[in-house]
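Note that the structure is predicted; figures quoted are calculated from it, not measured. Side-chain atoms are counted along with the backbone in the values below, which use heavy atoms only and exclude waters and symmetry mates.
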Amino acid sequence: MKKKYFLISHNELANGLKKALEMIIGIQENLYAFGLMPGGHPDLITNQIEALIDEETQVVILGDIAGGSVCNSAMRLTLQPNVVLVTGMNLPLAMEIIASQSTSEQQIAAIIEEVRKGMTVQNLRPSIKESIEDFF
């Protein structure tokens, strides 16, 4: 069964993410990116995606903002049983889903949980505890 992955966003985020992703994991023939530009209509993106898929293709759409116009428009595609829409896309999420060629909601939910663990605040400053220990 064929698989296709779509990145959708406001403005150039999806295109930039696709370029970054392919820099890391190589060119992906089944990866497409669409950005809603100023003055554009999100239904045009949804229509373009719809024209590229059929019922024989497993489809994953990664969108930028849950509740945003681009994702809201793409939501209608999820009426098809072979389409999964994921919001809150970022580079680690896209990389894991596309590199693994995951398409099932269960696989993607597990990937989301793993990617969340990588979202941390990091710095090189010593912690307060380390500073106190060093002081005494």
What closest approach, in Å, do Ala14 and Ala33 show between heavy atoms, and which atom pair accounts for it?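 Of all heavy-atom pairs spanning Ala14 and Ala33, the closest is O-CB, 3.6 Å.
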
Smallest heavy-atom separation, Leu85 atom then Thr78 atom, equals CB-CG2, 3.6 Å

Phe34: ring-ring contact (aromatic ring centres under 6.0 Å, His included) partners, not counting sequence neighbours: none

Taking only residues two or more places apart in sequence or in another chain, which ones pass ring-ring contact (aromatic ring centres under 6.0 Å, His included) with Tyr5?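 Residues passing ring-ring contact (aromatic ring centres under 6.0 Å, His included) with Tyr5: none at all.
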
Is the shortest side-chain heavy-atom distance between [X] and [Y] below 4.5 Å?
X: Ile49; Y: Ile8; result: yes
X: Ile65; Y: Cys71; result: no
X: Ile98; Y: Met95; result: no
X: Met89; Y: Leu13; result: yes
X: Val70; Y: Ser9; result: no

Side-chain donor/acceptor of Glu56 to backbone N/O of Met1, under 3.5 Å: no

Determine yes or no for a side-chain-to-main-chain donor-acceptor pair under 3.5 angstrom, with Gln107 supplying the side chain and Thr103 the backbone. yes

Cationic N near anionic O, under 4.0 Å, Lys117 to Glu113: no

Qualifying side chain to side chain donor-acceptor pair (under 3.5 Å) pairs with a residue from residues 60-70, counting only residues at least two apart or across chains: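 Side chain to side chain donor-acceptor pair (under 3.5 Å) check on residues 60-70 returns His10-Asp64, His10-Ser69.
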
Residues at least two apart in sequence or cross-chain that pass side chain to side chain donor-acceptor pair (under 3.5 Å) with Lys4, listed by chain then number, are none

Side chain to side chain donor-acceptor pair (under 3.5 Å) involving Asn72 - partner list, sequence neighbours excluded: none

Assess, by modelled atom type and distance only, whether the side chains of Asn30 and Gln101 contain a donor and an acceptor separated by less than 3.5 Å.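 On atom types as modelled, these side chains qualify, holding a pair under 3.5 Å.
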
So, using salt bridge (Lys or Arg N to Asp or Glu O under 4.0 Å) as the criterion, who are the partners of Glu50 when residues are at least two apart? Arg76

